[in-house]
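First comes the structure, then the notes that go with it.
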Amino acid sequence: REMDDSKLQVLVSPEASHPTIGLLETLSHEVKNPLAGIIGAAQLLSMNLTPKDNKLIDLIVEESRRIEETLSHIGQFGEFKPISKKPENIHLILERARKIASYGFASNVVIKEKYDPSLPNVLGDFDLLLQTFLNIFKNSVEASINGSIIIEVRTFYENLMSIKNNNGESIPAPLNVEIRDNGKGFSKEILAKAFQPFVSSKENGSGLGLALVSRIIREHNGWISIKSNPGDTVIRISLPIIKKENK
């Protein structure tokens, strides 16, 4: 595929790896313990709250359990354990990510949506794809300039990309999700290794978000790329679709 060289960009191949990936297993184990405490505390709080407040408690518990499940995958990051894939509507996943983000780190952020409602389903893991988009949204928010950020999410069909799976089979990935923000962008040095673990431009960043994102997308036989200039960063994810059977 011909690429636009007018912007900085980095592409991730399905074979990408990192020698320090085993450290994620320890991090995963350590995070699970406080998560269990959060779930328990939230459930205790729910006993004395109004039904309206309990909706937020339910969200805390549900998302904590989802994180636990995600961590079970990260715990075997080097050899990602088989994920459970089923037909999923990409727009339901994106809407869920937007809703969760709006309750927390993106409460004051404008998220614009431009969806193609005719897109077919993807064969994927809802929770892992949800985590992918949440991580990207969070990166966009943290890249804001003067506290102002606009995120644009676009879905579209473009049959230009094919990915080779572990068996060497070429799989088309025509379902595209682009997430664009007007933040400060990536420096050339950071962009060149943006998907490696423990690489971050943020002072207190862990550098795990995009590393996890790239791993999840590879497990879905997909592709991820970044184009970035100050004030204009675009992350594109290309995924296979479920073909409709002819009747």
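Every value quoted in this text rests on a predicted model; they were computed, and no experiment measured them. Position 1 is the first residue of the sequence, and the numbers go up from there.
L210 is listed as a side-chain neighbour of F186, based on a closest heavy-atom distance under 4.5 Å. Between K184 and P230, the closest side-chain pair of non-hydrogen atoms is not below 4.5 Å. For the pair P87 and L123, the minimum side-chain heavy-atom distance is below 4.5 Å. V234 is listed as a side-chain neighbour of D232, based on a closest heavy-atom distance under 4.5 Å.
For D116, the side chain to side chain donor-acceptor pair (under 3.5 Å) test picks out S118, with sequence neighbours left out. For K138, the salt bridge (charged side-chain N to carboxylate O under 4.0 Å, His left out) partners are E142, not counting sequence neighbours.
Annotation: the span from I93 atom CD1 to L129 atom CG amounts to 4.5 Å, rounded to 0.5 Å. In this structure, OG on S102 lies 10.5 Å from CZ on F137, to the nearest 0.5 angstrom.
Hydrophobic clustering (side-chain heavy atoms under 4.5 Å, transitive across Ile, Leu, Val, Met, Phe, Trp, Tyr) keeps I241 apart from I171.
Note on residues 87-101: pairs passing salt bridge (Lys or Arg N to Asp or Glu O under 4.0 Å), not counting sequence neighbours, are E62-R96, E63-R96, E95-R98, R98-E113.
With salt bridges taken as basic N to acidic carboxylate O contacts below 4.0 Å, none links K227 and E178.
Closest non-hydrogen pair, A97 versus L134, comes out as O-CD2, 3.4 Å. Contact between T233 and S228 at its shortest, heavy atoms only, is OG1-OG, 2.8 Å. In plain terms, the two heavy atoms of N176 and Y157 that are nearest each other are ND2-C, 4.4 Å. The two residues V177 and F133 have their closest heavy-atom pair at CG1-CE2, 3.8 Å. Nearest heavy atoms, P172 versus N159: CB-OD1, 3.9 Å.
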Please determine whether salt bridge (Lys or Arg N to Asp or Glu O under 4.0 Å) holds for the pair E219 and K85, giving the CA-CA distance in whole Å, both sets of side-chain angles, and the decisive distance to 0.1 Å. CA-CA 10 Å; E219 289 299 317; K85 298 178 184 177; over 6 Å; no
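Side chains of Q131 and N135: a donor on one and an acceptor on the other come within 3.5 Å. No side-chain donor-acceptor contact under 3.5 Å links D125 and S84.
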